[in-house]
Amino acid sequence: MRISKTKSELQAFIQNEKQKGKTIGLVPTMGALHEGHLSLLKYLRARCDILVCSIFINPTQFNDPEDLKHYPVTLDQDIEGLRTHHCDVLFLPSVDEMYPPGEQEWHIDLGDLETVWEGKHRPGHFQGVTQIVYKLFNLVKPDRACFGQKDFQQIKVIEKLIEIKNLPVTLDICPTQRDENGLALSSRNKFLSPSGEKKAAKIHEALQYIHKHIHTEHLGNLLKKGKEIIEDNTPLETEYLAICDIDTLKPVTQIHSSKKYIIVVAAWLEGIRLIDNLPL
Ligand code: AMP
């Protein structure tokens, strides 16, 4: 596996491969790779000639400096995982490489996506996400790029970025990988205590309860019950739990059989913020 630390080296390699008619797949990550990330690599490995993974802890998408300071780094293990999954290129730039001084400020109109759920609770987060993904798309010029369903609102935001900038890339979405208790895998789970990891599974339990009873119980009651499942006898604190229109992510008060919905949730445990979702 080639490890490229500079944009120029990566671009030269990609250009050469494209000239040979090779297709390029990209999996952007912030490292501390787990089975969730690896499932994206597996998916794209089978669908492109050259598989590129980027590991870059993108400072502009962190609204909490402490979160950025403590973000986990497991580079040796990541490189091993990438080699095992036959990744061709690891792009591993520094912050200066991605954000040279004197660059123009970034802003893109994400509409309501920036004022609900993750957008509301993490101000500026999606501007940072779109800024780095746009840079990566411009550098790698991937035919396809793969993202996880786990960060559903992020997918919506990237769809919008692709639309606004008219980018020639196919977006692939892979299902959320979970541990045996149902907890969605996340790099930040490393910071949970063993008992915390078990308690955090209540989040998925609540999503499943709502999913199961969606046609038989009033939505208000369901959300109340979901919050109880998350919080009763656990130190979990729900930040939001809502049933939304899957396209607009606006909360709904009624379900129509002709429409699609998604349950979204964020909760805190042991100082760690956990997010999850379940389409209906
Ligand atoms: P991150 O390193 O957290 O920025 O995530 C990189 C990519 O991996 C994003 O597209 C995430 O949605 C995806 N991802 C993270 N966790 C999971 C998971 N549990 N299952 C599937 N994909 C995931």
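Position 1 is the first residue of the sequence, and the numbers go up from there. We use all heavy atoms of the structure for the numbers below, so side chains are in, but hydrogens, waters and symmetry mates are not. Indexing begins at 1, ligand by ligand and atom by atom, following the structure's order.
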**Asked** Any side-chain donor-acceptor pair under 3.5 Å between Glu114 and Gln127?
**Response** yes
**Ligand-side contact atoms (ligand 1) for residue partner Leu185, heavy atom cut-off under 4.0 Å** = 16 (N), 17 (C), 18 (C), 19 (N)
**Request:** For Pro72 and Ala32, work out which heavy atoms get closest and say how close.
**Result:** O-CB, 3.7 Å
**Asked** Any idea which atoms of ligand 1 are less than 4.0 Å away from a heavy-atom of Pro28?
**Response** 6 (C), 7 (C)
**Request:** Please report which non-hydrogen protein atom sits nearest to atom 1 (P) of ligand 1, along with the residue it belongs to and the distance in Å to one decimal place.
**Result:** His37 NE2, 3.6 Å
**Request:** Please work out whether any backbone atom (N, CA, C, O) or any side-chain heavy atom from C-beta onward of His34 is under 4.0 Å from ligand 1, and answer side chain, backbone, both or neither.
**Result:** side chain
**Asked** So, does Tyr71 use its side chain to make a donor-acceptor pair with the main chain of Asn58 at under 3.5 Å?
**Response** no
**Prompt:** Any sub-3.5 Å donor-acceptor pair from His256's side-chain atoms to Ser258's backbone N or O?
**Reply:** no
**Message:** Would Ala32 count as a contact residue for ligand 1, given that I'm defining contact as a non-hydrogen atom of the residue lying under 4.0 Å from a ligand atom?
**Reply:** no
**Request:** Report yes or no: does Thr23 contribute a side-chain atom to a donor-acceptor pair with the main-chain N or O of Asp49 at less than 3.5 Å?
**Result:** yes
**Polar contact flag for Cys146 and ligand 1 (N/O pairs, less than 3.5 Å)** = no
**Request:** Give the single entry among Ser187, Gly148, Ala184, Ser186 that approaches atom 22 (N) of ligand 1 most closely by any heavy atom.
**Result:** Gly148
**Request:** Looking only at distances, please establish whether an N/O atom of ligand 1 is found under 3.5 Å from an N/O atom of Lys150.
**Result:** no
**Numbered atoms and elements of ligand 1 in range of Leu40, under 4.0 angstrom, heavy atoms** = 7 (C), 8 (O), 10 (O), 13 (C)
**Fill in**
Only one of Leu33, Thr29, Val27 passes side-chain contact (heavy atoms from CB on, under 4.5 Å) with Leu40, and that residue is Val27
**Request:** Tell me which protein heavy atom sits closest to atom 4 (O) of ligand 1, plus the residue, atom name and distance to 0.1 Å.
**Result:** Met30 CG, 3.7 Å
**Message:** How far is atom 20 (N) of ligand 1 from the closest protein heavy atom, and which atom is that?
**Reply:** Gln177 N, 2.9 Å
**Request:** Please report which non-hydrogen protein atom sits nearest to atom 11 (C) of ligand 1, along with the residue it belongs to and the distance in Å to one decimal place.
**Result:** Asp151 OD2, 3.1 Å
**Prompt:** Which atoms of ligand 1 have any heavy atom of Pro175 under 4.0 Å away?
**Reply:** 20 (N), 21 (C)
**Asked** Okay, side chain of Arg83, backbone of His86: is any donor-acceptor separation there less than 3.5 Å?
**Response** no
**Item:** Close-contact set for ligand 1 against Thr29 heavy atoms, below 4.0 Å
**Value:** 2 (O), 6 (C)
**Item:** Residues Asp67 and Arg188 bridged, charged N to O under 4.0 Å
**Value:** yes
**Message:** Under a plain distance cut-off of 3.5 Å, with no hydrogens placed, do Gln149 and Asn277 share a side-chain donor-acceptor pair?
**Reply:** yes
